[in-house]
Structure formats: C-alpha cells, structure tokens
Amino acid sequence: MNAVGAYVAIVSARYRTLLQYRAAAFAGFMTQVFWGAIKIMVFFAFYAVSREAQPMSLAQVVSYVWLGQALLGMLPWNMDKEIEQLIREGAVSYELVRPLDLYAFWFARTIALRTATTTLRSIPMVLLAGVVLPLAGQAQWALLPPESLTAFCVFLVSLFWALMLACAFTMLMHVFLVWTISGEGLNRVMPSFTIVFSGMIVPLPLFPDWLQPFLNLQPFRGLVDVPFRIYTGSIPVADAWPDIVHQVIWTVIFVAYGRWLLQRSLTRLVVQGG
Amino acid sequence: MSQIVVESLEKRFQVAERSPGFVGALSGVFRRRYRTVDALAGVDFRIDAGELVGYIGPNGAGKSTTIKILSGILTPSAGRCEIEGLVPWQDRKAHVRNIGVVFGQRTQLWWDLPVIESFELLRDIYRIPPSQYRTSSRELIDIMDLAPLLDTPVRQLSLGQRMRCDLVASLLHQPSILFLDEPTIGLDAISKLAVREFVKTLNRERRVTVILTTHDMDDIEALCDRIVVIGGGRILSDGTLASLRAKLRSERRIKLELLEPVAFDSPDVRVISAEGATLHLAFDPSVITTASLIKNIAESWPVKDIFIENPPIEELIAQLYAANRVNA
C-alpha cells in the first residue's frame, strides 16, 4: 500500500499551497458570519409567522445554518484552478508522465481543494457560533452541541461521505472540462444546482411535500442535508443508515462515470502545440 | 534489440473546422465539418541505449507528437512502438518510471512551492527510496548548482533557473531515457551552455539515452551524434551530422581576409559576399580539393587569414525540406 503515500503527499502539498491564502480565508470567514446571521434572522421571521408544525425545530435549523456556514467550502461549487489551468494550457502532459492513475491523482488534489480552506474557516466559525455566542447570552442564535455522542460519530461518518461525494462531483466537473476546455459555462451553472438541492439555502424538509420524493432521491442532499440533520437529530441515529448508503451509492456512481469519461477522453486526447 | 523501436507509427487528429463569419459560426452549431490532419504518416526508427539523438523539424512537423507518443501521453492511430519492451500508451504507469521528460515551454514544478518541496513531492510520487533520493538529488543539485535556489518558490525563478530545476526534477527517479522537448527555448546564452553541458555529462557518464527536439542548431552541433529530421510527418533523414552534410549539396565555405580590398575573382569558387577586405566564398570539394584551392588563393592574392567553415546546419535542413517539398 505504498501507493497511498504518493497521494497523501499530493494532498499535503496542495494544502500548503492553499493555506498561503490566509487573508482570503479571513475575508471568507467574515462574509459567512454575516450570511449566517441574515439567514437565521429570516428563519426567525419564518418560524414566528408559521402556524403549522414544521418538520425541524427552530433550534435545529439554527445549528444547521451554522454548520452550513462553517463547511461551505466543502460544497462542489468550484474547480481546482491548477487543474483548470493544466487542461487549458495543455500541461496535462506532465500529469500523464507520472506513474499514477490520473483520476486518483486529481482526486487527491480535489480532496485538498475541498478541505484545506474549509478547515481554516470552519474552526473559528464553530468557536464563534458554538462557544462565543452562548457565553454572550445569545443561546437562541447558537450552534448547539450534537444530539448525542453517537449522533456525533454517525455525523462524522456521514460527513466523510459528504466529502467523498463532493470530490467525486468536483472530479466530474474537471473531467467535463477536459472535453470542453473552457470551464466558464459549467462553473456558473453547477453551483446554483448544488447549493439549492444540497439544502444549503433552505433545509430540504422545509421544501413543499410534493417535492420530497425527488429531493430524497437526488444526489446533492448527501452533501449537506444528510450529515447536518444527523448532527441536529432531525434524522435519528437509528434511521441514518439508509441515508449514508444513499451517499455511498451516489459517490460510487459519480466516481465510476468520471473514471469512464476520463479514460475515454484520454484516448482521444489532443495536446495542442509545443 | 534496440532500447526504442518505432515502426510505421501514425497519428491522425480530427480537427473541427469552422467557416469564417457569423453564418459560419452558426452553421457550425448544427453541422460540424472535420478535417483530418496527419501529424505522423509512418515514422520508423530505432535507438540504442546510450545514444544522444537530435530530433528536428519545423513547427508542426510531428516532433512533439512523436515525443508525446513515446512518453505514453498520446495513443497513436496505427503502428508499433516498444521502449524497453513496454508499449508506452498501454503500460503507461510502468513505462514512465523508465523515462524523464522535460517540455521546455512548461514546467513540471509546483508553481507556488519552493523548489525543494517539488523535488520531495516527486520523490513521493515516484516512490524513490530515501537513500537513493538523497544521493541522486545531492549529485544533481551539485552539478546544476541549484543549492542557492532550493528554497525559492518556483514562480520567482528566472527561465534559466527554472529550466535547470526542471532538468533535475526529470532525473530524480534515475530514468534510463530522457526526452527533452525544446529544452533551450527562450534561454540566454549562459543558461543554454549550462543545459548543454549537463545533458552531455548525463549522456556520457550515466549512459542515459537522450532524445532532444530543438530549433536551435547550436544544440544539435554541440550535442548530437545522430540527427533524425522529420517533416510532414515523415522521416526525411537519419544519420550523423557528417552524413547529413554529405548527402546534401557538398558545398564548403571559406572566409577570406585579405590585406587590402581587391576585386577578387577565381574560377573554382563562388563569391557569396564581399565587405571590404573580408570575403565569403563557397566551393565544391568534389571539383577542387581544399588543399589545392587554398594553395591557389594564397599564391595569387594578398592573404591575411583563411577560415574553412561548414555551411550552417539551418541551410542543410532548409535544403532537405525543399528537396522533399515540405513547407517549413
């Protein structure tokens, strides 16, 4: 299993590169704090006027919002700038002269992309929402501790698969890029889908009932809705396993499709110039 | 058995064509027309271990395509290629362990990381054992004098420094074959000399097989025992520089410096240019031997100095293309 070492090295190198942008991480953190506050105010208003019983309690929704703000960077909302550049400038050649599987090679880079800035932003966010706010007497605004220790452990499992799903989907965007060269179109369209259908804007249970069967099937709920609702207890631990299997299945589908498509595009590869 | 065997290698690209103008762009949305480009139209050669081969040709001749097939990046349309018993595009992962590649126009180093971290990343990617990495990296860093650069992020290096680092990066895993695709492009004279010196040492002392593409004919003259000329996707010539010269118009050059400007005229030579007392002459050694020509000139004219020159290699190549009707 020595091969794993190579991929670990790639992840850590990308980490070091991405961690150079600390100012960007701080700016991102501030933006997300404000967005989180605005969203929570909207939910306060919504719960105040709503007469029906809602599928999630207000406290659960507040925690859900803060988790979302902390882990926003994990969503597949952008592509790896380096890979984009490699593809556009034809430097893919250098990727192919390494004794590595190209899909796994890029997947490792993608893991770094999805986690490096996220860890940098999520720690202060959790501290602010989970520790500072309750201490300041703003308990109704705070990120609550997980439902139980078991719920937290199951949440971590689900979060891991959310990351894998996010990377597999980002990889699909990278592979499409190999076909289309310019990433602008995809880069603009995809985030709208992922942000809405993952449950990042509004938790999925709050969507109309007639949409629920579709929302339950589609892949993006595995990114946000599943892990966060396990954390808040909106999905009880005992009922969580089908949802995690749902995450795994969609990850496997995205990886298989991405690998197949990349393999196909490599045999028809045209490397321009030089 | 040769280290590299290439037999009737072909590569065709499909290129989407678009008619010019708005209407053309619109019709392209509905109906694509494709044009087939024969980048390689049947290429054969064999290279033995330890050779240093110059692979030259004009832009678009198929040089880079060949290199990319040999290094396992592209799949050819037809033909056979075996390198140390492996088919590059089928056994890519095993094959690339035996080769080092440098594309002069791009870097293989990580742009934002210090040079040494790129080297260590390559060590991990190739799974080079620590002891082997220590000796080989130290040796390469010494030869190329990189020690002062190791902690600099790659984006801050000059082109010459970057190329020296790229060369070292391509050799850390001790490949037996090195592909250099225009390694001296854009470099200043000193960096070019450093690169040439390094490649020569590598080939002589470590017996690394080197295949070099270049537009710089000084590279070829300084380095290559064997020159393969490609044009229009075919091999036009394969042999030593001397045999290439002999094959083409066997004209020699003389640079003649006289003591004073005179109206020079001689039946055996052609005057190419005359500037004051300095004359450039051409003659055919099959008509008159060099020795008797020099004797004739020295007896009849007030000679200060004589230099015998071979015609520049660019002219040989241009002749070769003209003879084969290749558009350079």
Side-chain angles (χ1 to χ4, degrees), chain A residues 1-22 80-106 108-109 112 116 178-181 262-274, chain B residues 11 13-16 37 39 59-60 63-65 67-75 88-89 91-114 117-118 120-129 153 166 169-170 173 175 179 181-182 185 213:
Chain A
M1 288 310 285
N2 240 338
V4 177
Y7 298 106
V8 170
I10 293 157
V11 174
S12 101
R14 283 296 286 148
Y15 238 89
R16 273 170 284 158
T17 308
L18 291 168
L19 288 182
Q20 289 184 351
Y21 304 103
R22 287 179 290 263
D80 186 309
K81 289 240 159 43
E82 261 185 28
I83 295 182
E84 246 176 280
Q85 214 173 337
L86 286 175
I87 293 168
R88 201 160 311 156
E89 291 172 3
V92 176
S93 306
Y94 272 131
E95 309 282 279
L96 287 169
V97 297
R98 307 291 174 226
L100 299 175
D101 176 82
L102 187 64
Y103 187 91
F105 190 5
W106 283 3
R109 282 165 176 272
V178 177
W179 288 78
T180 58
I181 308 298
L262 185 62
Q263 203 48 52
R264 248 183 61 134
S265 63
L266 286 183
T267 51
R268 318 176 17 156
L269 188 69
V270 178
V271 179
Q272 314 265 355
Chain B
K11 179 70 186 176
F13 291 115
Q14 294 268 317
V15 182
V37 178
N59 292 321
K63 295 190 303 289
S64 290
T65 304
I67 297 289
K68 280 168 187 152
I69 291 174
L70 294 187
S71 49
I73 297 164
L74 293 180
T75 309
W89 58 93
D91 314 306
R92 185 179 67 82
K93 274 189 267 178
H95 166 65
V96 294
R97 286 189 169 280
N98 302 331
I99 63 166
V101 186
V102 174
F103 297 107
Q105 310 194 14
R106 294 164 186 133
T107 182
Q108 59 191 308
L109 305 165
W110 276 257
W111 201 243
D112 291 310
L113 296 179
E117 293 197 23
S118 280
E120 285 167 3
L121 198 49
L122 288 168
R123 172 198 65 198
D124 295 338
I125 287 176
Y126 283 96
R127 280 178 268 153
I128 308 168
D166 256 307
S170 69
H173 58 289
F179 295 110
D181 196 2
E182 304 189 24
I185 195 163
T213 81

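All chains are named by letter (A, B, ...) in the order of the sequence lines, taking the proteins before the strands, and each is independently numbered beginning at 1.
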Largest heavy-atom contact set with chain A, pairs under 4.5 Å, which of B:T213, B:T107, B:V96: B:V96
Is B:E117 in contact with chain A via its backbone, its side chain, both, or neither, using a 4.5 Å heavy-atom distance? side chain
Any side-chain heavy atom of B:V102 within less than 4.5 Å of one from A:Y94? yes
Close side-chain approach of A:V97 to B:F179, heavy-atom, < 4.5 Å: no
If I measure from the heavy atoms of chain A, does B:D166 come under 4.5 Å with its side chain, its backbone, both, or neither? side chain
Pairwise side-chain contact, A:I10 with A:R109, heavy-atom cut-off 4.5 Å (strictly under): yes
Taking every non-hydrogen pair under 4.5 Å, which of B:R123, B:R92, B:R97, B:H95 racks up the most with chain A? B:R92
Check: B:W111 and A:E82 side chains under 4.5 Å, non-hydrogen atoms: no
Could you tell me whether the side chain of B:L122 reaches within less than 4.5 Å of the side chain of A:R98, counting heavy atoms only? yes
Is chain A contacted by the side chain of B:L113, its backbone, both, or neither, given a heavy-atom distance below 4.5 Å? side chain
